[in-house]
Trainee: 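Pasting a structure here, questions to come.
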Amino acid sequence: MKADQRTYEVVATADQGLPFVMVDETGVPVAVIADYLRELVASDCSPLTVRSYAFDLLTWFRFLLVEEVDWEQVTRTQVRDYVLMLRSAVNPQRRSANPEGQVGRGSRTGKHPRSPGYAPATINHRLAVLASFYDFSKRTGAGPLVNPVPGPGPGDRNMRHQSPLEPRTPSRRGSYRQKTPELVPRAIPDDLYHEVFEALASDRDRAIVALLVSSAARATELLGMTATDVDWGGQRIRLIGKGTRQPEWVAVSPDSLMWLGRYLARERPGLEPNGALWLTLRRPHRPLKYQALRAMLLRVNAKLGLDLVLHDFRHTCGIRLANDPSIPITDVQAHLRHRTLASSEPYRARRWSSRGRGCRRGSAPPACAR
DNA sequence: TAATCTTGCTTCTAGAACGG
DNA sequence: CCGTTCTAGAAGCAAGATTA
């Protein structure tokens with residue numbers, strides 16, 4: 001079979017032990033990938049992690065098809081060429097959104113336009129997954145004896161014996177790892193927030209947005225809620241945190257509970273205690289999923305000419321709290337459920353928007369709890 | 001040597017096309 | 001209009017190096 005007739009794709013399975021597989025053009029799973037993904041599952045990795053890693057390996061294997069190199073034959077040279085390709089390639093996901101390299105985003109929110117290529121973070125993600133995959137293959141004996149992906153730090157970990165007599169190599173970015181720009185939390189200015197809220201079409205969406213901005217919940221954390229996760233008297237909701245997967249109670253604003261009450265009373269009769277709190281508006285009434293919620297916000301964006309994302313609501317809450325002088329940064333950390341204070345710090349000293357309007361200290365955050 | 005900064009890895013969110 | 005599919009990218013954390 002010729003190389004240009006071959007291809008791979010990632011498909012979801014019904015198998016809890018292996019939620020995603022990479023199959024070839026005949027639909028047969030690639031054994032080495034399946035083996036590796038099973039290892040991730042066994043190591044208690046989240047299904048979303050398994051999915052993400054499968055897609056990263058997919059692009060690597062497609063690259064090898066073009067290069068006409070077997071996965072177990074590769075050396076550092078192919079990894080270098082892969083990175084060079086990613087650095088210079090046009091990202092197909094960006095092409096239509098940014099047709100002539102024009103500034104397509106951010107006219108009202110001050111967000112920066114994106115480059116037409118792949119982000120440094122994407123290249124680093126690919127490298128991390130690739131290194132992990134070849135590390136696993138080396139242990140099982142299926143892959144090359146030397147990991148083709150250089151390890152952390154300068155030079156090649158595989159070629160360097162770390163003698164305790166020699167000075168430790170300084171911690172610098174490893175070969176091929178890209179510099180990543182500093183991340184800036186984004187807040188929605190009050191006037192824009194109210195405009196967005198007015199544009200919402202249902203009590204469900206008003207409740208969701210009000211809860212997102214007052215609890216600082218991540219989208220999937222909110223979508224995972226059941227009826228038992230609302231403490232009406234204590235004005236709290238229970239969320240399953242990212243990473244830790246621990247349930248935690250989080251304070252919410254009175255108005256968000258008012259909207260939630262209206263949604264439940266009018267649109268959710270007979271809700272079971274353990275039933276999903278959020279359902280799709282149309283039949284069949286399935287639990288609302290992340291992409292469906294995001295589509296709701298995209299429709300609002302289209303109507304108002306905005307470029308908001310769901311995570312902006314979390315940032316908005318964090319920045320409102322962090323810029324209130326009466327609230328200690330450790331309380332901000334607690335409300336955002338950050339494990340480390342370093343994760344909360346970037347929220348401080350940020351302004352209401354990135355357009356340079358002043359920080360309105362003293363004006364109470366209208367929709368943020370506490 | 002305590003505080004701060006960098007890096008790499010894991011986990012989740014974002015962008016765009018498409019479908020009913 | 002409301003939602004799904006297929007990739008891309010940001011967020012959060014811990015460990016180790018660096019700086020104060």
Side-chain angles (χ1 to χ4, degrees), chain A residues 9-12 20 40 43-56 58-59 62 86 89 91-98 104-105 111 114-115 117-132 135 149-154 157 168-174 176-186 201-202 204-205 218-221 223-224 240-245 280-284 286 288-299 301-303 307-315 318 333 336-347:
Chain A
E9 62 180 331
V10 169
V11 295
F20 297 92
L40 294 178
S43 304
D44 198 29
C45 282
S46 144
L48 287 172
T49 302
V50 177
R51 182 171 179 269
S52 169
Y53 280 37
F55 278 111
D56 277 9
L58 172 70
T59 53
R62 284 178 175 171
L86 291 172
N91 181 347
Q93 192 175 84
R94 297 265 179 86
R95 195 152 35 195
S96 57
N98 201 0
R105 294 164 53 94
K111 292 181 181 179
R114 324 187 120 211
S115 83
Y118 288 90
T122 303
I123 299 176
N124 288 346
H125 196 191
R126 300 257 172 96
L127 283 173
V129 172
L130 213 51
S132 164
D135 216 42
V149 184
R157 181 175 54 183
R168 301 275 311 167
T169 48
S171 164
R172 267 182 285 154
R173 201 156 14 89
Y176 309 150
R177 267 73 174 185
Q178 312 292 300
K179 275 184 286 198
T180 51
E182 186 193 352
L183 299 170
V184 180
R186 312 162 296 259
S202 71
R204 181 198 70 175
D205 297 341
R218 302 174 183 93
T220 40
E221 292 173 341
L223 292 177
I240 309 288
K242 170 186 178 180
T244 66
R245 302 174 207 166
T280 55
L281 295 176
R282 280 191 319 204
R283 297 178 196 283
R286 286 177 285 209
L288 191 66
K289 292 200 291 184
Y290 172 81
Q291 295 295 349
L293 175 59
R294 181 166 175 269
M296 181 277 287
L297 183 60
L298 291 185
R299 289 189 289 273
N301 276 338
K303 184 154 44 165
D307 56 0
L308 298 176
V309 299
L310 290 169
H311 214 68
D312 289 345
F313 294 117
R314 177 171 164 85
H315 282 168
Q333 177 187 11
L336 294 179
R337 292 163 290 126
H338 284 146
R339 296 285 292 280
T340 59
L341 202 55
S343 296
S344 312
E345 288 287 355
Y347 290 85

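Because the structure is a prediction, the values reported are computed rather than measured. Order of the sequence lines fixes the chain letters, A, B, ..., with proteins taken first and strands second; residue numbering starts at 1 for each chain.
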Trainee: Can you tell me how far P of B/dT7 sits from CG of A/Leu127, to the nearest Å?
Mentor: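 Atom-to-atom, A/Leu127 to B/dT7, this comes out as 14 Å.
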Trainee: In whole angstroms, how far is the P atom of C/dG12 from the CG atom of A/Leu48?
Mentor: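 Roughly 16 Å, once rounded to whole Å.
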Trainee: Between A/Lys289 and A/Val10, name the one whose nearest nucleotide on DNA chain C is closer to the 5' end.
Mentor: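 Comparing both residues, the 5'-ward one is A/Lys289.
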Trainee: Using only side-chain N and O atoms of A/Ser52, determine if any of them is under 4.0 Å from OP1 or OP2 of B/dC12.
Mentor: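 A/Ser52 to B/dC12 OP1/OP2: no side-chain N or O under 4.0 Å.
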Trainee: Taking the inter-plane angle between the rings of A/Tyr53 and A/His125 on a 0 to 90° scale, is it parallel (under 30°), tilted (30 to 60°) or perpendicular (over 60°)?
Mentor: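 Rings of A/Tyr53 and A/His125: perpendicular, as their planes differ by over 60°.
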Trainee: Distance check: side-chain N/O of A/His338 vs OP1/OP2 of C/dG12, anything under 4.0 Å?
Mentor: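 So the side-chain polar atoms of A/His338 do come within 4.0 Å of the phosphate oxygens OP1 or OP2 of C/dG12, strictly under.
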Trainee: Heavy atoms only, 4.0 Å cut-off, all strands: where does A/Ala295 land among base, sugar-phosphate and nothing?
Mentor: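 Counting heavy atoms under 4.0 Å across all strands, the contact made by A/Ala295 includes a base.
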Trainee: In the structure I gave you, are the side-chain heavy atoms of A/Leu297 and A/Phe313 within less than 4.5 Å of one another anywhere?
Mentor: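 In contact.
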Trainee: Under the 3.5 Å rule, do the base of B/dG15 and the side chain of A/Arg294 count as making a donor-acceptor pair?
Mentor: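 Per atom types, the contact qualifies.
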Trainee: Ignoring backbone atoms, test whether A/Tyr347 places a side-chain nitrogen or oxygen under 4.0 Å from the OP1 or OP2 oxygen of C/dA11.
Mentor: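 No, outside the criterion.
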Trainee: With a 4.5 Å limit on heavy-atom distance, are the side chains of A/Arg218 and A/Arg337 in contact?
Mentor: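 Yes, at least one pair of side-chain atoms sits under 4.5 Å.
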Trainee: Over how many whole Å does the gap from A/Asp56 atom CG to C/dC6 atom P extend?
Mentor: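 Nearest whole value for this atom pair: 17 Å.
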Trainee: Can you confirm whether A/Arg62 sits close enough to A/Glu9 that some side-chain heavy atom of one is under 4.5 Å from a side-chain heavy atom of the other?
Mentor: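 In contact.
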Trainee: Which nucleotide wins on minimum distance to the side chain of A/Tyr53, given the candidates C/dC13, B/dT13, B/dC9?
Mentor: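 Nucleotide nearest to A/Tyr53's side chain: B/dC9.
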Trainee: Quick check on B/dT11: is either OP1 or OP2 less than 4.0 Å from any side-chain nitrogen or oxygen of A/Thr49?
Mentor: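 Answer yes for this pair, as a side-chain N or O of A/Thr49 is under 4.0 Å from OP1 or OP2.
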Trainee: DNA chain B: A/Pro47 or A/Asn124, which has the more 5' nearest nucleotide?
Mentor: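 Residue closer to the 5' terminus by nearest nucleotide: A/Asn124.
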Trainee: Side chains of A/Gln178 and A/Leu86: does their closest heavy-atom pair fall under 4.5 Å?
Mentor: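 When only atoms from C-beta onward are counted, A/Leu86 and A/Gln178 do not touch, as no gap falls below 4.5 Å.
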Trainee: Write down the distance between CZ (A/Arg339) and C1' (C/dG12), rounded to a whole number of angstrom.
Mentor: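 The answer, rounded to whole Å, is 10 Å.
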Trainee: Any side-chain N or O of A/Arg314 below 4.0 angstrom from OP1/OP2 of C/dA11?
Mentor: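 For C/dA11, neither OP1 nor OP2 has a side-chain N or O of A/Arg314 closer than 4.0 Å.
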Trainee: Would you indicate, yes or no, if B/dC12 has its OP1 or OP2 atom less than 4.0 angstrom from a side-chain nitrogen or oxygen of A/Thr220?
Mentor: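 Indeed not, no polar side-chain atom of A/Thr220 lies that close.
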Trainee: Quick check for you: among B/dG8, C/dG9, B/dA14, whose closest atom lies nearest to any side-chain atom of A/Arg177?
Mentor: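 For A/Arg177, the side-chain atoms sit closest to B/dG8.
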Trainee: From CZ of A/Phe20 over to P of C/dT7, roughly how many Å is that when rounded to an integer?
Mentor: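 For the pair A/Phe20 CZ and C/dT7 P, the rounded distance is 12 Å.
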Trainee: Which nucleotide wins on minimum distance to the side chain of A/Arg218, given the candidates C/dG12, B/dT10, B/dA14?
Mentor: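 Among the listed nucleotides, the one closest to the side chain of A/Arg218 is C/dG12.
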Trainee: Report yes if a side-chain nitrogen or oxygen of A/Tyr118 is closer than 4.0 Å to either non-bridging phosphate oxygen (OP1 or OP2) of C/dA8; otherwise report no.
Mentor: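 Looking at the OP1 and OP2 atoms of C/dA8, one of them is under 4.0 Å from a side-chain N or O of A/Tyr118.
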Trainee: Is any side-chain N or O of A/His125 closer than 4.0 Å to OP1 or OP2 of B/dG8?
Mentor: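 For A/His125, the contact criterion (side-chain N or O under 4.0 Å from OP1 or OP2 of B/dG8) is not met.
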Trainee: Reckon A/Leu58 touches a base, only the sugar-phosphate, or nothing at all at heavy-atom distances under 4.0 Å?
Mentor: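 Result for A/Leu58 = sugar-phosphate.
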Trainee: Report the nucleotide, chosen from B/dT13, C/dA11, C/dT4, that has the shortest atom-to-atom distance to any side-chain atom of A/Gln291.
Mentor: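 The closest nucleotide is C/dT4.
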Trainee: Given C/dG9, is OP1 or OP2 found less than 4.0 Å from the side-chain N or O atoms of A/Thr122?
Mentor: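 Yes, because at least one side-chain N or O of A/Thr122 sits under 4.0 Å from OP1 or OP2 of C/dG9.
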Trainee: A/Val309 has a side chain; which of B/dT11, C/dC13, B/dA14 sits nearest to it?
Mentor: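 Of the options given, the side chain of A/Val309 lies nearest B/dA14.
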Trainee: When the distance from CE of A/Met296 to P of C/dG3 is rounded to whole Å, what number comes out?
Mentor: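 Distance check: A/Met296 CE to C/dG3 P gives 10 Å.
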Trainee: Rounding to a whole Å, what distance do you find between A/Leu288:CG and C/dC2:C1'?
Mentor: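 Between C1' of C/dC2 and CG of A/Leu288: 10 Å.
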Trainee: If I take atom CZ in residue A/Arg62 and atom C1' in nucleotide C/dA8, what distance separates them, rounded to the nearest angstrom?
Mentor: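 About 13 Å, once rounded to whole Å.
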Trainee: Walk me through whether A/Tyr176 and A/Val149 qualify under side chain to side chain contact (heavy atoms under 4.5 Å, CB included).
Mentor: CA-CA 9 Å; A/Tyr176 309 150; A/Val149 184; 5.9 Å; no
Trainee: Choose from C/dC6, B/dT11, C/dT4 the nucleotide whose nearest atom is closest to any side-chain atom of A/Phe55.
Mentor: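 Of the options given, the side chain of A/Phe55 lies nearest C/dC6.
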Trainee: Need to verify one output field. Residue with the more 5' nearest nucleotide on DNA chain B, A/Leu298 or A/Ser46?
Mentor: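 Closest to the 5' end, via its nearest nucleotide, is A/Ser46.
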Trainee: Flag the pair A/Met296 / A/Leu293 as yes when at least one side-chain heavy-atom distance between them is below 4.5 Å, and no otherwise.
Mentor: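 A/Met296 vs A/Leu293: side chains touch.
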Trainee: Taking the side chain of A/Arg51 as heavy atoms from C-beta outward, which of B/dC12, C/dC13, C/dT7 is closest to it?
Mentor: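 So the side chain of A/Arg51 is nearest to C/dT7.
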Trainee: Would you say a side-chain N or O of A/Arg282 is under 4.0 Å from OP1 or OP2 of C/dG3?
Mentor: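 Negative; the distance criterion is not met.
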Trainee: Quick check: on DNA chain C, is the nucleotide nearest A/Ala292 upstream (toward 5') of the one nearest A/His311, or the reverse? Name the residue that is more 5'.
Mentor: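 Its nucleotide being nearer the 5' end, the pick is A/Ala292.
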Trainee: Can you tell me which nucleotide in B/dT13, C/dC13, C/dG3 comes closest to the side chain of A/Tyr290?
Mentor: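 Of the candidates, B/dT13 comes closest.
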